[in-house]
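Just below is one structure, and these are the notes that go with it.
Counting convention: from 1, in listed order, for ligands and their atoms alike. Here the structure is a predicted model, which is why all the values come from computation and not from measurement. The basis for the numbers below is simple: all heavy atoms, side chains too, and nothing from hydrogens, waters or symmetry mates.
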Amino acid sequence: MSYIKLEELKKRPEISGCETEQALGFAVEQVRRNLPEFTEKFQKAYSENNVYQPTENVDWTTGFWTGEIWLAYEYSHDEAFRAAGEIQMKSFLDRIERKIDVDHHDMGFLYSPSCVAGYKLTGSEIGRKAAIKAADQLITRFHPVGNFIQAWGPMDEPENYRLIIDCLLNLPLLYWASQETGDGKYRDIAEKHIHTALANVIREDYSTWHTFFFHMETGEPDHGATCQGYRDGSAWARGQAWGIYGTAVGYRYTQRTEYIELFKGVTRYFLEHLPDDLVPYWDLEFGDGDEDQPRDSSSASIAVCGMLEMAKYMEKEDAAYYTAIARKILKAVVDNYAVKDPAVSNGQVLHSTYSNHSPYNTCNHYGVDECNIWGDYFYMEALTRLHQNWEAYW
Ligand code: GLY
């Protein structure tokens, strides 16, 4: 088993402006083709045989489909997308008002690309109201003992007393809520969580824990464990990618310079564990020679978005380095993983993995070697970031 060398990675071609335009144009048309089936409904978290089925507004993932609609609107300015986005925001308001499947921390994944985006783009009061209610819901999961937001499950049970690395992307919702309402309580909680998370989920070699437990009585850090990765001590590819994007947004909102070094460390670990075609296997334990293992193409797109976000705040030389690497990885995704034919799939990117089988994976197993809705969304976000001066939804 082997990985690409950084020197070799640097020689790979970058995506051009023309390729970016072409790929994004196709993706937008793919969203358009999906509108009749997925305006009153949402795309499920994962495809089956590369085809998404419709779902009600449940699960942690429906915001990504609405996010795709908003990205398509930004690209095309076509009112058909705006109208669909508005219908979906009403569903999100209803969901948070009736508290349907919101007893978890993924309010940011749900409400940033749907309602914060819709509010930023159209001034929608429905979007604003829904997103503030979602922020209120999210802060109910904060534990002052330990200073973190609990990810899953009923509160105050030792087996649930943990955060997960993914949560870093839920926090921009809290910063946005403080800015909108003038109430600093959301921001204070976000800041505490970022600090606790980054102090614990990143190991000495800059690989990452997926989840981290704390003592319920004292709040002291206890131990790391995987849920969706291959094994406890390995680096689940998407967790590492959430770490790249998470340290970038952590820096953006806190301006703590030590987070720049964390970003560089977790990014380097990710890059040093890529296979030759630049799209990671589902866990970074695996590389070339492990072809029986599935890829997680969504991790590549998330990492690209994180690098492009961080590049905005870096000195010229570092910014150029991470932008170039991001463009190389995105070209690999576009060339070898993106859907090119609507007859093959109604999604955007093939070969993503939600949660694969392993003897140590304690989460459910599904969405293996399929399209995943966040992979599709972050693919479009990555292209949009290169295509225009984009104001982040996060
Ligand atoms: N946030 C859950 C996942 O990445 O699968």
Side-chain angles (χ1 to χ4, degrees), residues 42-47 52 55 58-65 67 101-114 134 138 141 148-153 160 162-173 193-194 197 201 208-212 224-230 234-249 266 270 279-284 294-306 347 349 351-358 360-379 381-382 393-394:
F42 295 78
Q43 293 195 327
K44 262 183 77 170
Y46 53 92
S47 65
Y52 286 106
T55 174
V58 291
D59 209 347
W60 65 277
T61 51
T62 43
F64 296 116
W65 167 242
D101 196 8
V102 293
D103 282 334
H104 55 80
H105 69 156
D106 282 327
M107 294 305 107
F109 282 129
L110 285 168
Y111 284 83
S112 293
S114 59
L138 180 52
R141 300 190 67 83
F148 70 97
I149 294 170
Q150 184 182 308
W152 308 311
N160 292 319
R162 65 172 158 181
L163 59 78
I164 73 170
I165 192 166
D166 323 26
C167 188
L168 293 165
L169 269 289
N170 284 319
L171 305 176
L173 176 70
H193 179 96
I194 291 176
V201 295
T208 51
W209 295 108
H210 178 200
T211 86
F212 203 94
T226 198
C227 184
Q228 277 161 262
Y230 173 65
S234 67
W236 173 47
R238 197 158 58 256
Q240 196 75 21
W242 292 135
I244 293 170
Y245 206 161
T247 48
V249 293
V266 295
F270 183 84
V279 171
Y281 285 88
W282 69 286
D283 191 293
L284 300 183
R295 306 284 175 142
D296 177 21
S297 57
S298 77
S299 299
S301 298
I302 294 165
V304 166
C305 291
V349 189
H351 307 301
S352 182
T353 291
Y354 188 162
S355 188
N356 193 26
H357 298 263
S358 112
Y360 318 103
N361 176 335
T362 54
C363 287
N364 292 326
H365 309 129
Y366 31 48
V368 177
D369 198 18
E370 290 284 348
C371 301
N372 285 153
I373 192 68
W374 56 88
D376 290 0
Y377 166 81
F378 284 108
Y379 170 72
E381 181 185 308
Y393 304 158
W394 311 96

Ligand 1 N/O within reach of D106 N/O, cut-off under 3.5 Å: no
Relative to the heavy atoms of [X], which atoms of ligand 1 are at a distance of less than 4.0 Å?
{"X": "Q228", "result": "3 (C), 5 (O)"}
{"X": "R238", "result": "3 (C), 4 (O), 5 (O)"}
{"X": "D166", "result": "1 (N), 2 (C), 3 (C), 4 (O)"}

Minimum heavy-atom distance G246-L168, with the two atoms named: CA-CB, 3.6 Å
Nearest heavy atoms of C371 and Y52, plus distance in Å: CB-OH, 3.3 Å
Given F109, Y111, W152, the one that forms ring-ring contact (aromatic ring centres under 6.0 Å, His included) with W60: F109
Parallel, tilted or perpendicular, as decided by the 30° and 60° cut-offs, for the rings of Y377 and Y393: tilted
Spacing of CD1 belonging to I149 relative to NE2 belonging to H105, to within rounding of 0.5 Å: 9.0 Å
Ligand 1 contact by Y46, heavy-atom criterion under 4.0 angstrom: no
